Peer 1: 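Sharing a structure below in C-alpha cells format, with a few things to ask.
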Amino acid sequence: MSRRPLVAGNWKMNMLKENGTALAAAIAEKYSAVKNPACDVLVCPPALIVSAVADKVANKIAVGTQDAHALKSGAHTGDISVEMIKDVGATYAIVGHSERRTDHFEKDADVKAKAQAIIDNGLTAVICIGETEAQRDAGKTIEVCRTQIQGSVPENATAENVVIAYEPVWAIGTGRTPTADDVEQVHAAIRAEIANKLGQKVADGMRLLYGGSVKPSNAVELMGLPDVDGALVGGASLKADDFWAIISACL
Ligand code: PEP
C-alpha cells in the first residue's frame, strides 16, 4: 500500500502576519516548482494569521490550525470552531498536541470530540499521540500509544480524514529523538492498533507522521522508515531552508 507522505509544520505561538506569510510563500514557491512532488505539505500557523497565510498560498500548499473546538458555535470565549477554520480556507487541524494536553488539560475524550468535529466538517484531523519520558522509562510507550489511539480517534476515521502524528513528548523541542528502530517499532504498533480499531484497510492507508526534533540532519533516515509517512515539525518549520530540507527528504 503506497501512502503519500505529508510534511507538516507546527508553528506553535510563533510568527506574525508579515514573516509568517513570507515563510509560507517561500515554501509554496519552492514546492510549486517541483514537478510531480511525491509528498503533501501543510503549514499550521497561529490561528490569527491562518486566514492571511491561506490567502497567500491558496492551491499550492495546505494550511491548518493547531486546535479546533468540538462545538459549532456558542459561549466559548477564545475558541475557534471548525466552521470558522474552513471559512478562511484551512483544510487541516492539529488536535491533541502534547502542549495542549499539558497546558489545557485535554484528555483523549476531548481530542476525539475535536477530531469528530473536524471530520464532520470535511476537514482532516492530525491527531497527536505520544508518551512522556517517565512512561517511556517505565516501558509503557506502546501501551500509552494504544490507549491514546483507542481514546482519541473517532470510529469513523478514514485514511482521508485522519492523520496520526506520533510525537514522544520527551523528543519535542529537545533535540533528542528515539532511534530509527524505536520509531519504526512504535509506528508498526500504532498501525496494528489502528487496524484493531478501524480495520486493516484503513490502517494500511492512514498516514502516520513522526514528530519530535525532526531536522535536516535526521530527516532522511526517519522519513525512510517503512511505517513513517512524513513528519510533524515544530522548531525546524520556522526556517524556510530547514523546513524545505525536511520536505526534500520526502519528495
Ligand atoms: C511539535 O511541536 O509538534 C514538534 C515536533 O516540535 P519540534 O520539531 O520542535 O520538536
Side-chain angles (χ1 to χ4, degrees), residues 5-15 19-20 23-24 27 39-47 49-50 53 61-68 90 92-104 106 111 114-115 118 124-133 135-136 141 144-145 148-149 152 162-180 182-184 186-187 190 207-223 225 227-250:
L6 171 68
V7 182
N10 171 17
W11 295 359
K12 312 193 191 201
M13 199 169 70
N14 296 293
M15 294 289 168
N19 58 354
L23 170 62
I27 296 298
C39 71
D40 295 332
V41 173
L42 164 68
V43 291
C44 298
I49 63 166
V50 164
V53 169
I61 59 172
V63 179
T65 56
Q66 301 169 17
D67 184 39
Y92 286 79
I94 298 172
V95 287
H97 191 282
S98 67
E99 288 151 17
R100 303 258 350 147
R101 290 179 187 258
T102 303
D103 298 354
H104 300 271
E106 293 184 7
V111 176
K114 289 170 181 225
I118 294 163
T124 301
V126 179
I127 301 176
C128 301
I129 61 169
E131 82 286 1
T132 62
E133 186 152 33
Q135 290 165 332
R136 179 186 177 81
T141 297
V144 167
C145 291
Q148 290 180 332
I149 290 286
S152 308
V162 163
V163 174
I164 303 293
Y166 167 57
E167 300 205 305
V169 179
W170 54 272
I172 296 177
T174 60
R176 297 162 58 204
T177 57
T179 64
D182 284 349
V183 171
E184 178 53 24
V186 178
H187 274 232
I190 291 170
R207 295 184 284 188
L208 308 186
L209 313 186
Y210 169 76
S213 296
V214 177
K215 18 183 202 228
S217 57
N218 59 23
V220 171
E221 183 183 30
L222 292 168
M223 297 304 107
L225 298 169
D227 275 300
V228 174
D229 311 309
L232 180 55
V233 186
S237 72
L238 298 173
K239 290 188 192 139
D241 288 349
D242 285 356
F243 193 44
W244 184 252
I246 294 167
I247 293 167
S248 299
C250 293

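Here the structure is a predicted model, which is why all the values come from computation and not from measurement. Ligands are counted one by one from 1 in listed order, and the atoms in each one are counted from 1 as well.
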Peer 1: Between D242 and K215, does at least one N-O distance fall below 4.0 Å, as a salt bridge requires?
Peer 2: no

Peer 1: Answer yes or no: is there an ion pair linking R100 with E106, defined by an N-O contact shorter than 4.0 Å?
Peer 2: yes

Peer 1: Salt-bridge test for R207 and D227: reply yes if a basic N is under 4.0 Å from a carboxylate O, no otherwise.
Peer 2: no

Peer 1: Do C44 and T65 have side-chain heavy atoms sitting under 4.5 Å apart?
Peer 2: no

Peer 1: Give the ring-plane orientation class for Y210 versus H187, where under 30° counts as parallel, over 60° as perpendicular and anything between as tilted.
Peer 2: tilted

Peer 1: Heavy atoms under 4.0 Å from ligand 1: which residues qualify?
Peer 2: N10, K12, H97, E167, A171, I172, G173, G211, G212, S213, L232, V233, G234, G235

Peer 1: Extract all donor-acceptor atom pairs below 3.5 Å that involve side chains of residues 231-238 and protein atoms in other chains or at least two apart in sequence.
Peer 2:
unit_1	atom_1	unit_2	atom_2	d
S237	OG	V233	O	3.2
S237	OG	G234	O	2.7

